[in-house]
Amino acid sequence: MSATTVTRRRHRRRLLPRPWFLAVASLVLLAGCASDAPQDMLQPEGSFARTLDNLFNPIFWVAVLVFVVVEGLIVYAIVKWRYRGDADDGVADAGEMPAQLHGNTRLEIGWTILPALVLAGVAVFTVPVVFELNAEPAKGEALEVDVTGAQFWWGYEYPSQPDFGITDGIVTANELHIPAGQRVYLTLRSVDVIHSFWAPKLNGKRDVVPGRVHNWLLEADEPGVYSGQCAEFCGVSHANMRLKVVAHDATSWDAWVEDMQEEPVEPVSGLAAEGFELFQQRGCSGCHVVEGAYDEVAEDAPAAPDLTHLFSRDCFAGCIYDLNDRNELEAWLRDPQRKAGSKMVVGQLTEADIDALYAYLETLE
Amino acid sequence: MALTEERPPLELAAGDEPVRNPLGAFTRPSSSYGWRSWLTTVDHKKIGILYGATAMVFFALGGLEALLIRAQLAQPNGQVLDPQVYNQMFTMHGTTMVFLVIMPMLAAFSNYLIPLMIGARDVAFPRLNALSYWVFLFGGLFLYSSFFLGGAPDGGWFNYAPLSGVAYSPGHGIDFWTLGLQITGIASLLGAVNLITTCLNMRAPGMTLLRMPVFVWMALVAQFLLLFAIPVITVALFLLMFDRLFGANFFNVEAGADPLLWQHLFWIFGHPEVYILVLPAFGIVSDVIPTFARKPLFGYPFMVFSGIAIGFMGWGVWAHHMFASGIGPVSVAAFSLSTMFIAVPTGVKIFNWIGTLWKGKLIFTTAMLFAVALVSQFTIGGLSGVMHSVAPHDTQQTDTYFIVAHFHYVLFGGSMFGIFAGIYYWWPKIFGHKLSERIGKAHFWMMFVGFNLTFGPMHIVGLQGMPRRTATYPEGMGWDLMNLLETIGSFLIAISFLMWVYNVAVSRKNPHAGADPWDGRTLEWATSSPPPAHNFDVEPTVEHLDDWWHRKYGEDEQGRPVRRERFTYLSRVDEASRLAGGDEPDVDVSAIHLPSPSYWPIVLAIGLPLIAYGLIFTYWLAALGGVIIIAGAFGLGLEPSVDPDAGHGDHGDHGPDEGHDQELAEVGAASGGDDDEEAS
Amino acid sequence: MSEQTTAQVEHEEYEAQTEHGAHDHPGERTYVGIALILAVLTAAEVATYYFEDQLGGLLVPSLIIMMIVKFFLVVAWFMHLRFDSNLFTRMFVSGLLLAVGVYLAALATFRFFG
Amino acid sequence: MSVSEQTAAPAGAVPEGAAHVAHDATTPAHHTSTGLSNEKLAMWLFLGSECLLFGGLISTFLLYRTREVTAGPPVGDIYDIPFTSVSSFVLLMSSLTMVLALSSIQRADHRRARTWLLTTALLGATFVAGQVYEFTTFVREGLGYTTNLQGSAFYTLTGFHGVHVTLGILMLLSLFVMSLRGRLPSGRAETVEIVGLYWHFVDIVWIIIFTLVYLIPA
Ligand code: HEA
Ligand code: HEA
Ligand code: CUA
Ligand SMILES: [Cu+2]
């Protein structure tokens with residue numbers, strides 16, 4: 001191997017993109033990991049997500065190891081045995097041939113068996129977790145919630161469960177409220193197409209398939225708000241089918257349950273009462289339930305969020321809008337199609353109608 | 001790529017205009033050059049070029065769609081595309097790249113190379129081969145015509161039911177998708193039957209199965225996968241089509257249907273499909289790396305058997321795409337395990353490639369750069385694949401950009417890099433001149449960097465919870481920077497692709513490369529560049545694996561190869577190749593007969609999209625299509641494969657790019673390609 | 001030339017072209033025999049329909065067995081796989097086994113088998 | 001497809017009109033690497049592929065057969081087993097006549113070959129006619145194509161099979177006409193054999209359908 005200084009310089013220049021690229025790549029990596037990401041699956045905040053993460057971590061490092069070995073060998077081979085002459089347009093005159101190795105059966109059997117063993121190790125850790133995450137909790141052990149996926153929002157029903165203070169079922173939408181530190185057992189159904197329920201910091205995802213009933217577990221360690229979203233492509237506004245899980249400590253859980261079990265008071269005067277009337281006149285009640293006032297919806301109406309306790313939530317319409325911002329809700333009533341593909345269809349409302357409706361909706365706490 | 005040539009048509013004896021049927025369909029086409037020859041050719045090499053050129057055009061389209069996707073996602077709350085259009089973009093992007101780019105690109109290589117590599121004159125059924133191409137082309141055009149006829153499909157490339165049903169996708173987009181893919185499926189199926197028969201039955205004497213180049217092996221395995229996978233997706237597409245067009249209930253949940261049926265059928269096809277997409281690329285690099293490492297492939301039998309093992313195991317893993325879809329823990333566990341172990345045969349390949357590099361004399365041509373890039377980048381995608389196979393955690397990963405990162409690393413880093421390696425490697429064989437190495441290297445590095453910049457950060461945003469197929473994302477999710485980088489990366493890829501286009505355009509003037517510019521190992525290098533229509537003047541008799549290499553090199557006492565003073569090419573070659581020590585065979589090629597060109601394949605193929613339009617718009621069109629197909633089938637069936645009236649005038653077919661420079665014309669004359677003139 | 005002699009010539013040419021002479025192929029009597037067995041099996045299959053209750057748990061296995069026997073009789077004799085190259089058998093059987101394996105597995109994920 | 005490439009099949013001694021095929025350099029049937037004919041190999045490959053096709057349709061039917069129907073009768077309630085048994089038997093026997101046609105042509109007994117070819121086609125047509133009759137009675141009993149899951153699955157599967165039989169009949173008739181015109185010498189018996197393979201395959205698919213779809217109760 002005769003490497004003159006000249007060829008060596010060539011060599012270094014050619015390799016230039018690599019270190020440059022590596023530097024950028026590692027910067028990117030650092031930047032990526034440092035940032036604060038509310039749906040980061042590598043920062044679990046509940047027991048199930050942690051189980052998953054604990055499974056993932058060692059496997060990630062196995063992959064890193066294989067990566068380093070393979071890329072190391074490749075880079076080593078390139079650096080060591082790269083032909084440094086100029087062979088761009090004449091390969092045949094590249095001079096002496098290297099030794100003609102045809103293979104090495106022992107070695108090859110070795111690198112067949114070794115990965116197999118590594119993977120067998122991975123498998124041993126994987127299989128039990130599959131069953132663990134599909135286990136059904138005993139009755140009363142976990143809070144049960146019926147989840148409904150619909151284009152493009154989430155509905156939740158809490159059947160009556162005295163263990164959790166719920167004596168009179170609760171219906172709500174988009175924001176799932178749970179007690180922190182307790183298991184939650186979801187029963188997932190879809191009214192139209194396939195959706196997928198996912199709150200990354202609390203657990204993986206489970207598809208919500210029409211015609212089938214699936215179950216899924218959640219648990220949050222601490223009180224807090226956890227971001228999530230529909231993860232199966234479900235049509236035009238799939239991107240806008242987000243959700244929140246709100247975990248409460250014991251006291252605020254009790255308070256929430258109590259609030260949710262109260263029927264809202266029918267407004268008798270003022271703008272709100274006007275809105276109450278309009279709610280029917282403008283057809284809202286054809287789709288939306290407000291318990292105690294509008295219990296029946298039209299048969300052919302699309303599934304729509306229960307509005308009984310609308311203002312107990314912070315976000316609406318697939319959790320893409322802020323309910324605390326009056327403008328957002330007004331804009332929604334003006335044009336529900338601002339969320340592309342929304343199934344809410346209303347006629348043109350006047351600004352006065354909107355003010356009145358807003359006043360009424362605001363009473364639905 | 002020059003698809004037309006200005007050469008005079010075949011001279012006619014009397015010199016006056018012949019009476020031709022205006023449609024031309026009933027007189028047998030006879031010229032083997034000129035634009036019309038491309039419509040009627042049955043030469044596997046021309047068909048290969050047609051496949052390749054078409055696939056690259058579709059790559060530009062699919063890439064353009066990708067750029068729009070990236071433009072939309074460059075920032076949170078992007079406003080470039082509205083969600084309807086965005087959904088069409090990723091659906092068409094995925095569908096295009098899989099069905100209209102990589103599959104036909106590999107059909108291109110298989111068509112062009114298999115006969116040459118096994119020492120055959122053509123494929124087993126040349127006219128069926130032409131039919132496959134035209135069916136594929138019309139299927140692709142049909143699919144793309146949806147953009148002008150009410151909107152492209154928008155259900156994603158795996159189009160899950162029931163979203164794909166009429167109730168939720170009332171437009172015609174999905175109809176175009178089901179029918180278009182059925183048409184291209186026919187092309188793939190015909191191609192599979194043809195190429196398998198070719199590999200098994202058309203080998204030159206002495207070309208035993210275990211002397212076939214690894215590319216041929218991997219293409220063969222891929223064709224078997226196609227043979228058995230295409231009918232499965234055909235069933236799925238049929239059922240969906242009947243649901244949509246005739247009100248059947250296969251995916252009608254109200255009637256009690258189970259949406260998971262679609263998922264099973266799709267992925268029973270879909271997983272073998274991904275190996276269809278990558279195995280031929282593995283084959284390409286298995287031939288490129290030895291050439292430029294100047295060593296034989298390390299562990300040829302292991303390479304062959306691991307490829308077969310991958311093909312085989314690929315049938316038992318499909319439900320890893322359904323870990324979150326509720327198939328029950330027992331199924332999940334079973335498919336999780338089967339998926340993991342597919343890494344074993346793939347690992348064998350990676351390590352054997354490294355073994356081939358080991359102690360070689362590595363010459364980094366552009367082809368070699370792409371090949372080594374495949375080895376290193378595919379590994380990354382493979383490793384994320386193994387992470388997905390850990391089923392419990394896949395419930396986190398699935399439907400996020402972590403998956404998008406995985407499959408671009410295996411598809412782009414695997415299949416596309418392999419394809420580019422193949423393009424740079426075989427270009428001189430196909431067109432007689434090399435692509436510029438200087439531009440090629442710039443292309444490679446730009447693409448390599450752009451690729452990693454585009455798809456590397458997707459791992460990170462994926463793990464940070466960014467779901468795929470979302471037309472927009474809000475601020476504050478921590479995904480902004482990565483997405484911007486990805487978009488920048490995608491434009492670097494676009495620039496690199498334009499560099500390739502430029503390379504193709506300017507390299508036409510490069511000097512003739514000779515028959516064997518890379519000192520290759522396999523039989524295609526033993527014939528002229530481009531090869532004559534009949535491929536070899538003498539039918540090779542094969543004695544070794546890497547037979548051509550053994551014809552050129554003997555061994556000294558230490559077992560080192562020593563180039564022989566003289567060896568014999570299998571066709572008449574150019575001056576330069578002769579000077580490099582090769583002799584020419586002395587044979588009369590006029591006794592070789594090839595099947596004549598035919599109009600029927602293209603005529604028959606055009607019936608299929610007509611039927612498809614008919615099913616969507618008006619049944620009259622379908623009836624017309626049916627009549628054309630029946631007529632075409634009888635025409636093709638009753639027409640003799642060799643035209644009795646053609647005399648001996650049509651076997652001197654020319655390589656595609658011939659006649660463009662002086663040097664080449666001489667080569668053509670030397671390689672016996674000019675019998676046209678003699679015969680007439 | 002009479003019809004007879006043309007036929008003979010043609011037949012000899014056919015023999016010359018095929019690697020194996022006609023003696024490898026079963027004769028027409030064999031075919032009729034196979035068809036008889038097939039007919040009997042079909043009759044037996046149809047009979048199970050009338051004796052469903054008596055057969056009980058045996059019904060399905062016996063039907064499946066008869067189906068498989070019929071299948072292989074046709075493939076082996078009428079389609080000549082018994083006498084033809086192994087390669088054909090391998091091509092066909094790989095498709096067949098793949099289909100059986102893959103679809104049974106898929107049905108199993110639906111808990112089709114109980 | 002098989003028919004379309006038939007003519008490319010080389011043959012040793014071919015009468016007028018087809019002589020030029022003899023020196024087709026690309027498909028030297030008896031010079032192939034395995035010594036086997038390309039066309040026959042292709043047909044077997046195609047049949048291997050068809051297994052996956054029918055497998056998918058049959059599994060779909062089986063899956064939906066066990067599901068409750070929301071409207072109309074379940075398909076199992078309206079089967080007419082005796083009738084289907086007869087038409088199954090007819091199709092089964094057409095396999096016999098097919099194989100007899102082949103053996104006649106191999107013996108260069110063209111008149112009998114034609115008789116058997118025509119008989120086979122007729123038996124096939126009888127089967128298809130039976131199927132048409134069966135479909136109409138089912139529709140009359142309230143099971144349309146769109147009525148319920150089982151209707152869709154049943155008609156698609158059996159209809160698909162019926163289309164296969166019909167294509168087979170077309171091929172048989174083409175062979176019959178070719179033979180009449182003297183274009184089917186025994187040197188080309190392989191063409192008949194290949195069409196026969198297809199025909200028998202369609203028959204064995206029905207053997208499976210008859211058992212799994214009709215005889216085994218849901
Ligand atoms: C070329 C195409 C290609 C290839 C080759 C692969 C290869 C693999 N794929 Fe990939 N895959 C896709 C294309 C491909 N995939 C596509 C397109 C999708 C998404 C479809 C969609 O949803 O749109 C997908 C999705 C996908 C999923 C579903 C993810 C989800 O949606 O939730 C899974 C899950 O298991 C998976 C796994 C694997 C595995 C284990 C391999 C293995 O074959 C990889 C094996 C290779 C290696 C592992 C590297 C080399 C090995 C070694 C160096 C040995 C040592 C290694 C170890 C000991 C670990 N893939
Ligand atoms: C082989 C397959 C393949 C290839 C090569 C690519 C290439 C690229 N893909 Fe692809 N991708 C898929 C297969 C592939 N993809 C699949 C299967 C999906 C899933 C779809 C689904 O979910 O249904 C997907 C999805 C997908 C997504 C996710 C969309 C979503 O989930 O919402 C994204 C996002 O960035 C993306 C980006 C890209 C980019 C930037 C490239 C780039 O590498 C593209 C580079 C090419 C170019 C840039 C071409 C440049 C062309 C020009 C500049 C025009 C020049 C014109 C002339 C010369 C005339 N792809
Ligand atoms: Cu619901 Cu996506
Ligand atoms: Cu897969």
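Below, read A as the first sequence line, B as the second, and so on, with proteins coming before strands; counting in each chain starts at 1. Just so it is clear, the model here is predicted, and its values are computed rather than measured.
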Most chain A-contacting option - heavy-atom pairs closer than 4.5 Å, from B:I350, B:D258, B:D154, B:V332: B:D258
Most contacts with chain B, counted as non-hydrogen pairs under 4.5 angstrom, among A:F67, A:W198, A:W216: A:W198
Contact check, side chains of A:T126 and B:M340, non-hydrogen atoms, under 4.5 Å: yes
A:V129, part contacting chain B, at a heavy-atom distance under 4.5 Å: both
Nearest atoms (heavy-atom pairs only) where B:V253 meets A:P210: CG1-C, 3.7 Å
Contact origin within A:N240 toward chain B - heavy atom pairs under 4.5 Å: side chain
Inter-residue atom distance B:T339.OG1 - A:L119.CG, 0.5 Å rounding: 11.0 Å
Contact summary for A:L52 and B:Q396, nearest pair of heavy atoms: CD1-CG, 3.7 Å
Contact class of A:R212 relative to chain B, heavy atoms under 4.5 angstrom: side chain
B:K359/A:W81 under side-chain contact (heavy atoms from CB on, under 4.5 Å): CA gap, chis, key distance, verdict: CA-CA 6 Å; B:K359 296 193 177 162; A:W81 293 298; 3.6 Å; yes
Chain B contacts, top residue of A:L133, A:L101, A:L55 (heavy-atom pairs, under 4.5 Å): A:L101
Contact class of A:V70 relative to chain B, heavy atoms under 4.5 angstrom: both
Which portion of B:V390 sits near chain A, non-hydrogen atoms under 4.5 angstrom: both
When B:P467, B:S325, B:G256 are compared by non-hydrogen pairs under 4.5 Å with chain A, the top option: B:S325
Heavy-atom pairs under 4.5 Å with chain B, option from A:A239, A:P98, A:P200 with the top count: A:P98
Student check: side-chain heavy atoms of A:F131 and B:V330 closer than 4.5 Å: yes
Side chain proximity check, B:F298 to A:E108, heavy atoms < 4.5 angstrom: yes
Selection from A:C234, A:S237, A:G341 maximising heavy-atom pairs under 4.5 Å formed with chain B: A:C234
Closest non-hydrogen atom pair, A:G235 against B:N87: O-ND2, 3.6 Å
4.5 Å side-chain heavy-atom contact, A:E232 and B:T398: no
A:T105 vs B:F302, side-chain contact (heavy atoms from CB on, under 4.5 Å): CA-CA, chis, key distance, verdict: CA-CA 9 Å; A:T105 311; B:F302 263 74; 4.2 Å; yes
Option in A:V127, A:T112, A:V62 with maximal non-hydrogen atom pairs under 4.5 Å from chain B: A:T112
Salt-bridge criterion met for B:D399 and A:K205 (N-O under 4.0 Å): no
Heavy-atom check, side chain of A:M41 versus side chain of B:T400, under 4.5 Å: yes
Contacting moiety of B:Q397, where chain A heavy atoms sit under 4.5 Å: both
A:V191 portion near chain B, given a 4.5 angstrom heavy-atom threshold: backbone
Engaged part of B:R560 at the chain A interface, taking heavy atoms whose separation is under 4.5 Å: side chain
Contact check, side chains of A:P115 and B:F351, non-hydrogen atoms, under 4.5 Å: yes
Structural part of A:L73 lying under 4.5 Å from a heavy atom of chain B: both
Toward chain A, the part of B:A161 with a non-hydrogen atom under 4.5 Å: backbone
Whether A:F56 and B:F402 hold their rings parallel, tilted or perpendicular, with breakpoints at 30° and 60°: perpendicular
Residue A:Q100 versus chain B: region with a heavy atom under 4.5 Å: both
Segment of B:L357 engaging chain A (4.5 angstrom heavy-atom cut-off): both
Smallest separation among heavy atoms of B:L362 and A:A77, with atom names: CD1-O, 3.5 Å
Aromatic contact, B:W358 with A:Y76 (centres under 6.0 Å): yes
Interface moiety of B:F251 toward chain A, non-hydrogen atoms closer than 4.5 Å: neither
Distance (rounded to the nearest 0.5 Å) between A:H238 NE2 and B:L163 CG: 10.5 Å
Between B:A333, B:P474, B:G326, the one whose heavy-atom pairs under 4.5 Å with chain A are most numerous: B:G326
Per-residue contact mode, A:I109 against chain B (heavy atom under 4.5 angstrom): both
Check: B:L463 main-chain N/O paired with A:Q39 side-chain donor or acceptor under 3.5 Å: no
Minimum side-chain heavy-atom gap B:M477-A:S227 below 4.5 Å: yes
B:Q263 vs A:I194 side-chain heavy atoms within contact, under 4.5 Å: yes
Largest heavy-atom contact set with chain A, pairs under 4.5 Å, which of B:P83, B:P162, B:P296: B:P296
Separation between CZ of A:F60 and CE of B:M387, rounded to the nearest 0.5 Å: 5.5 Å
Option in A:A116, A:G211, A:C230 with maximal non-hydrogen atom pairs under 4.5 Å from chain B: A:A116
Best-contacting candidate, B:T356, B:T395, B:T470, against chain A by heavy atom pairs under 4.5 angstrom: B:T395
Test of ring centre spacing under 6.0 Å for A:Y83 and B:F364: no
A:H102 portion near chain B, given a 4.5 angstrom heavy-atom threshold: both
Selection from B:T366, B:V386, B:T379 maximising heavy-atom pairs under 4.5 Å formed with chain A: B:T379
Point-to-point distance, once rounded to the nearest 0.5 Å, from CE of A:M97 to OH of B:Y553: 3.5 Å
Per-residue contact mode, B:W549 against chain A (heavy atom under 4.5 angstrom): side chain
Region of A:E71 in contact with chain B, defined by heavy-atom distances below 4.5 Å: side chain
Proximity breakdown for B:A293 and chain A, heavy-atom pairs closer than 4.5 Å: backbone
Contact class of B:L260 relative to chain A, heavy atoms under 4.5 angstrom: side chain
